[in-house]
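Every value quoted in this text rests on a predicted model; they were computed, and no experiment measured them. Along the sequence shown, residues carry numbers from 1. In what follows, every heavy atom counts, from backbone to side chain, and hydrogens, waters and symmetry copies are set aside. For ligands, and for the atoms within them, numbers begin at 1 and follow the listed sequence.
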Amino acid sequence: MSTHVEMFIKEMKELFEPTQVYIMDGSQEEAENLVAIAEKSEVDGRVVLKKLNNKEYPNSYYHCSNPNDVARTEHLTFVCTANKDEAGPNNNWINPKEAKEKMTGFFRGAMKGRTMYVIPFVMGTPKSKYAKNCVQITDSVYVALSMRIMSRVGKQAVERIGNSCDFFRGIHSIGDLNPNRRFVMHFPEENLVMSFGSGYGGNALLGKKCYSLRIGSYLGYKEGWLAEHMIIIGVQSPDSKITYFLGAFPSACGKTNLALLKPRSRGYKIWTLGDDIAWINIGKDGQLYAINPETGFFGVAPGTGFKTNPVMMQTLKNNNFFPTLFTNTAIDTDNNTPWWEGISDNIVQNLVDWQGQKYDKNSRKSAAHPNSRFTVSIYNCPTLSHEYDNPNGVPISGIIFGGRRKSTIPLVYEAKDWNNGVFIASIIGSETTAASSGQIGNIRRDPMAMLPFCGYNMGDYFQHWLNVGNRAKKLPKIFMVNWFRKDENDKFLWPGYRENFRIVKWMIDRIEGKTGAKEFEIGLFPEEGAIDLNELNIDKETIKKLFRVDREDWRKEIVMIEEFYSKFGDKIPIELRNCLAKLKEKFRI
Ligand code: GTP
Ligand code: SPV
Ligand code: MN
């Protein structure tokens with residue numbers, strides 16, 4: 001082991017005072033050991049893992065977290081740059097010295113009586129020049145097991161690090177799960193994250209949002225690439241050609257579902273490369289190429305079902321090397337299988353809810369927590385792309401942005417060019433979801449679906465997007481979608497899920513120049529009849545509503561956009577300010 005990794009472990013051991021240290025190697029034997037430990041240990045009065053029905057869900061385990069620890073906590077997440085302006089108004093900030101003192105105070109002696117797990121891991125395929133080396137410390141066996149699913153853990157990371165001191169350091173302890181002593185602190189200038197008091201998802205699996213997005217976006221800014229909250233898919237047409245897309249939607253707004261979509265159209269297929277994070281570089285030929293740094297899905301359970309997402313259901317039922325975890329779902333106790341709202345139409349007799357209480361069917365509360373999730377290896381996915389491990393990534397022809405909006409935003413439209421696309425992405429608004437603690441359903445600006453994940457000033461981030469566009473020789477087309485528009489009765493106007501493929505097919509026609517577009521105030525719209533609505537029971541009136549640009553709604557929208565932009569002062573690039581001025585003119589504001 002490299003001296004720098006050894007020094008880091010020694011320093012952590014002195015700080016945390018654990019009973020023992022467990023250095024992970026990523027082996028099969030280790031998976032079995034850790035599962036056995038988790039089945040025997042309790043955290044907070046709850047057994048960490050319980051085995052589920054092995055016939056229905058092979059090698060799968062149930063985990064239920066403290067009810068105060070079920071989602072990311074954005075208000076407790078900080079970016080600690082030397083200078084406040086560098087973190088920007090989009091991030092909470094305290095100065096690095098103060099942050100470290102606070103965290104070190106929490107960390108001191110926090111692992112007494114516990115095991116300290118050391119997780120060496122690589123984000124990205126180890127042979128890729130875009131991959132990054134990392135080491136996380138944690139005292140949660142659930143986090144250790146999750147990291148093995150979500151990233152490449154083991155010797156290859158140690159080998160890649162060698163004698164270098166250049167690796168990401170992630171320091172995590174669940175502490176006593178007290179929300180008053182819970183913080184996630186990022187130090188982009190030091191390639192370091194400190195997280196205390198939470199064992200949940202993005203707060204605790206530090207390779208994910210903390211490193212691959214917040215620190216990653218900062219590194220990308222310095223080094224000339226982009227770290228984005230995006231899926232990567234390859235869409236195969238009947239002529240066997242594969243068109244690669246990126247797709248960014250805010251948390252719990254449909255990325256995983258689009259990434260594993262099974263088209264109904266004959267001859268088409270979607271190949272999955274990633275469902276949450278993309279690292280994008282300009283390749284030698286001047287095109288954008290994307291890799292997925294992760295190796296698993298940490299997906300939203302509710303709404304995932306045999307009808308809506310059969311490929312994910314198959315993924316969950318596949319068996320391989322990695323144990324699959326279900327967190328905060330309900331359980332069908334007759335079958336010992338995980339259960340959630342929307343999984344199937346079958347009626348189940350006996351459920352316990354996500355807190356282990358017998359579920360009353362007349363209850364208005366859901367049985368599974370709305371942010372209940374599964375953690376499953378990407379290698380279980382039957383539609384995994386053959387290019388998934390390609391060290392260079394895949395060349396991107398289209399970028400799909402989206403949000404969750406009851407009104408205002410049409411089903412789909414296209415940007416006129418790259419800069420206009422950056423503008424459209426910079427003004428995304430979306431209703432807040434259960435993926436983050438706090439109120440659900442409030443509209444907030446979530447540019448590029450990166451508001452909670454951009455590790456530096458978002459004004460600089462917009463400029464960086466424009467710069468990447470200037471440097472690239474061939475740019476993808478940019479689209480905006482909204483699967484979530486509703487009617488007067490609060491019903492979704494668009495069937496969504498697998499039917500979303502109809503929109504993707506139109507995008508391919510646009511990329512290939514097979515269909516024209518009509519220009520409206522906000523962008524380019526599909527021509528009459530260009531979207532395949534065959535065998536879809538939807539009337540003309542509904543389609544009209546889905547594409548309606550309501551001038552009054554847009555006037556209100558522009559007020560919200562201006563308010564958001566104004567927080568960034570003159571950091572908002574002139575190109576985007578010009579786009580906004582043009583939009584205002586069109587709506588006569
Ligand atoms: P994160 O993992 O939080 O980043 O979320 P995500 O963007 O991957 O979202 P996901 O695909 O897991 O979907 C979130 C929720 O939206 C789930 O409850 C889905 O069932 C629901 N959903 C996804 N796609 C659609 C759609 O096209 N229409 C409707 N109505 N709901 C959808
Ligand atoms: C999200 O919230 O966007 C997620 C889940 O993908 S978490 O890993 O908790 O960030
Ligand atoms: Mn996400």
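Ser195 is linked by a side-chain contact (heavy atoms from CB on, under 4.5 Å) to His172, Val184, Leu206, counting only residues two or more places apart in sequence or in another chain. In this view, Glu541 satisfies the side-chain hydrogen bond (donor to acceptor under 3.5 Å, both in side chains) rule with no residue, not counting sequence neighbours.
Using a 30° and 60° split on the angle between ring planes, Phe106 and Phe183 fall in the parallel class, below 30°. The aromatic rings of Trp506 and Phe479 sit perpendicular to each other, their planes meeting at more than 60°, with 30° as the lower class boundary.
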Derivation of the salt bridge (Lys or Arg N to Asp or Glu O under 4.0 Å) call for Glu431 and Arg405: CA-CA 6 Å; Glu431 292 155 25; Arg405 293 298 295 271; 5.1 Å; no

Candidate pair Asp532 and Lys505, rule salt bridge (Lys or Arg N to Asp or Glu O under 4.0 Å), full reasoning: CA-CA 8 Å; Asp532 174 6; Lys505 216 160 102 182; 2.8 Å; yes

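The angle that His229 NE2 and Lys209 NZ make at the Mn ion (ligand 3), rounded to 10°, works out to 100°.
Closer than 4.0 angstrom to ligand 1 lie heavy atoms from His229, Pro250, Ser251, Ala252, Cys253, Gly254, Lys255, Thr256, Asn257, Asp276, Phe298, Val300, Pro302, Gly303, Arg373, Arg404, Trp483, Phe484, Phe492, Gly496, Tyr497, Asn500. Protein residues are said to neighbour a ligand when one of their heavy atoms lies under 4.0 Å from it; for ligand 2 these are Arg72, Gly201, Gly202, Lys208, Lys209, His229, Ser251, Asp276, Phe298, Arg373, Ala435, Phe453.
For Arg264, the CZ atom is densely surrounded, since the number of other residues' heavy atoms within 6.0 Å is greater than 12.
Aromatic pair Phe453/Tyr461: ring centres not closer than 6.0 Å.
Summarising the geometry of Glu488 relative to Lys545, their closest heavy-atom pair is OE2-NZ, 3.4 Å, with the distance given to 0.1 Å. Closest approach of Val311 and Cys381 over heavy atoms only: CG1-SG, 4.3 Å.
Residue Asp276 approaches the Mn ion (ligand 3) most closely through its N/O/S atom OD1.
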